[in-house]
Each structure stands twice: as structure tokens, then as C-alpha cells.
Amino acid sequence: MELLISTPRDFSFKRTAISHGWYGLLPFEIDRDDWLLSRVLDLKDEKPVTVAITARKRQLRINTSRRLSQKAARQVIADVRHMLRLDDDLAGFYGLMARENDFAWVPTQGAGRLLRSPTVFEDLVKMICTTNCSWALTERMVTGLVQNLGRESNDGRRTFPTPEAMSLMPLKFYTNEVRAGYRAPYFKELADRVASGSLDVEQWLHSPLATDELIKEMRGVKGVGPYAAENVLKLLGRYDGLALDSWTRAKFFTVRNNGRKASDKKIARFYSRFNEWRGLVLWCDMTRDWLEV
DNA sequence: GCGTCCAGGTCTACC
DNA sequence: GGTAGACCTGGACGC
């Protein structure tokens with residue numbers, strides 16, 4: 001079954017699909033030869049479905065692994081719009097970038113939409129999986145969660161697990177199977193809180209809280225520090241934080257400081273003039289070379 | 001083969 | 001509020 005979505009004039013499928021590492025973490029998969037982004041979506045009342053997304057001109061084509069009801073098709077379209085940030089208004093950001101010689105490529109290439117998961121919960125768990133470890137271990141942990149706890153689509157691929165599925169597992173599952181190490185109790189506690197309803201992370205998408213207050217709430221989740229909170233904020237559409245980590249620091253040294261080390265304060269000063277967009281400007285700056293044009 | 005370092009940081013105790 | 005030290009894991013590296 002094929003579904004079609006019109007895309008905004010300033011949207012780039014390639015730039016969005018590879019905007020950061022999520023495309024390489026299950027359930028996401030990417031074929032960069034054919035520029036096909038796929039993943040399994042959880043349809044709650046129905047069996048999960050695998051979607052394969054490609055772009056042509058100003059249109060996305062979504063091929064589903066089986067025929068869907070109208071209700072399920074509407075959810076697939078809503079999830080794809082959410083993941084690819086089709087409803088994000090970046091006019092202010094692009095206007096700002098167009099006036100800067102160094103950053104005029106951003107609107108030209110349609111960079112700035114950061115791929116996200118269908119749920120905040122998935123983004124949050126994955127972000128904790130990126131902390132204090134190699135990318136290979138991040139992949140190992142996420143794969144362990146999906147393969148062991150994900151619901152199966154008709155093609156055998158699996159969803160990202162729900163909070164309920166994660167909550168049902170004992171602590172030793174996260175240490176022995178997921179290989180999460182000291183993060184194991186963090187996952188267990190987060191899943192328990194979300195599954196029980198005592199913490200609603202999906203509500204963060206529409207939170208009326210000021211960013212500082214929202215960060216405080218996010219940091220109430222064990223394993224979420226400044227880096228993880230500010231990166232999740234970017235996926236919520238707030239770009240005040242730089243979300244510095246060892247990778248972005250090293251990249252800044254190369255791209256903006258002639259290979260010399262720079263303090264976090266210096267990095268912050270460099271992007272400070274971009275105000276509420278500074279986190280997104282930094283990320284675009286650091287990933288410009290991810291796509292040959 | 002073995003020890004050390006560190007990678008897309010965070011938590012806790014202590015000052 | 002600021003900071004030192006501990007923390008799982010596993011790949012890379014030097015010896």
C-alpha cells in the first residue's frame with residue numbers, strides 16, 4: 001500500500017533522514033544508495049507495520065508492509081510527519097541563516113529538521129543509550145531493547161518497545177541482555193514511571209513550561225544530564241541548549257578553531273548571537289559535511 | 001594476551 | 001553551586 005505526503009518547499013528528505021545518528025538505530029534503518037528510510041511503527045490496536053519512505057520532488061512516498069485501515073493510515077501519516085518534522089516552522093531560522101555568509105547553505109540545502117522518533121519516550125531512552133559510551137555500544141543497547149521487547153511487524157521486523165513492555169522486565173534483563181551496565185536501573189525506573197502514569201514524557205512536546213523549568217523536569221529522570229536534556233529538547237523543537245558532548249567539542253575544534261582545543265565558554269560565545277536557535281545552528285555547522293552536494 | 005584508555009556523561013558525596 | 005571520583009561496556013591501542 002502506498003501513501004503520499006506533500007512536503008514543504010524548504011524540506012530536504014536527505015538532510016532530515018541523516019540529520020543525526022537516529023537513522024542508524026533500530027527500528028530505523030536507511031539505504032543510502034536508494035535513499036530509503038524505513039522503520040516499524042506501532043499501531044497500538046493493530047499489528048505493527050513497516051514503512052519504507054522515499055522522496056520525489058515535493059512528495060514523500062510511504063510504502064507499507066501490508067494494507068491498512070483508514071484509521072491506521074492516518075496514524076502512519078501523522079507519525080511520518082512527526083518524525084520528519086514536516087510541520088515545524090523554520091521560517092525564522094532560515095531567514096536568520098540566509099543573512100549569514102557562513103550559514104546561507106542551511107536554507108539552501110534544507111538542513112535543520114532533526115529526525116525524531118514517533119514518541120518522546122523512545123527518543124529519551126535512546127538518548128540515555130548515547131551517554132558515556134561508544135556509538136557501537138549505543139547500537140548494541142538499542143538493538144537489545146528492540147529485538148527482545150519490540151512488537152513484530154508482518155515482515156518480522158520489530159517496533160521500539162513500549163514503556164509497558166519495558167516495565168515488565170526485571171532489572172537483570174537490562175544488565176544481562178541489553179548490556180546497559182550502570183544505566184540498567186535508570187531504564188527500569190523510567191519505564192516504571194511512564195507505564196504507571198506518574199511521568200508523562202509525551203506531554204513535554206506541548207509543555208507550557210519555560211525551557212529552564214522543562215530541563216529541570218527532564219533532569220528528574222535518572223541518567224539525563226545537561227547533554228541528554230538539551231538534545232531531547234532539540235527533538236521537542238527547542239534549540240536554546242548546545243548539548244555539547246565529546247563529539248561536538250572535537251568537531252568544533254576542527255571546523256571552527258583550526259584544530260585547537262576550545263573551552264565550552266568559547267563554543268557558547270561563538271553561537272550566542274543566534275539566541276533561541278543557537279543549538280540548531282551549532283548542529284548544522286558541525287554536520288555540514290555529512291552530505292555531499 | 002594483557003593492561004589502559006576512553007567514547008556522542010551522569011550521579012553522589014563532599015566542601 | 002561547584003567539583004572530584006566512581007561508574008558498565010567494549011573497541012582501540014600499545015607493549
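Worth saying up front: this structure is predicted, and the values here are computed from it rather than measured. Lettering follows sequence order; numbering is per chain, from 1.
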field: Interatomic distance, Y182(A) OH vs dT12(B) C1' [rounded to whole Å]
entry: 14 Å
message: Just to be sure I understand the geometry, which residues of residues 250-272 of chain A put a non-hydrogen atom under 4.0 Å away from DNA chain C?
response: none
Contact list for DNA chain B against residues 167-177 of chain A - heavy-atom distance below 4.0 Å: none
field: Pair T50(A)-D155(A), side-chain donor/acceptor within less than 3.5 Å
entry: yes
- request: Quick one: pull up CD in E122(A) and CE in M127(A) and give me the separation to the nearest 0.5 Å.
  value: 11.0 Å
- request: Could you identify which residues of residues 126-146 of chain A place a heavy atom less than 4.0 Å from some atom of DNA chain C, listed by residue number, or say none?
  value: N132(A), L137(A)
task: Starting at atom CG of L190(A), determine the distance to atom C1' of dT10(B), rounded to an integer number of angstrom.
output: 15 Å
query: Is the closest basic N to carboxylate O distance between D88(A) and R113(A) below 4.0 Å?
result: no
field: Segment of DNA chain C, first to last nucleotide, that comes within the 4.0 Å heavy-atom reach of chain A
entry: dC7(C) to dG10(C)
query: Side chains of S38(A) and R157(A): is there a donor and an acceptor less than 3.5 Å apart?
result: yes
- prompt: Between which residue ranges does DNA chain C form stems of three or more consecutive Watson-Crick or G-U wobble pairs, both distances under 3.5 Å?
  reply: B:1-7 with C:9-15, B:9-15 with C:1-7
- prompt: What parts of residues 236-249 of chain A reach DNA chain C, counting only heavy atoms under 4.0 Å away?
  reply: none
message: Just to be sure I understand the rule, does V178(A) reach a base, reach only the sugar-phosphate, or reach nothing, if contact means heavy atoms closer than 4.0 Å?
response: nothing
query: Parallel, tilted or perpendicular for W22(A) and H20(A), by the 30°/60° rule?
result: tilted
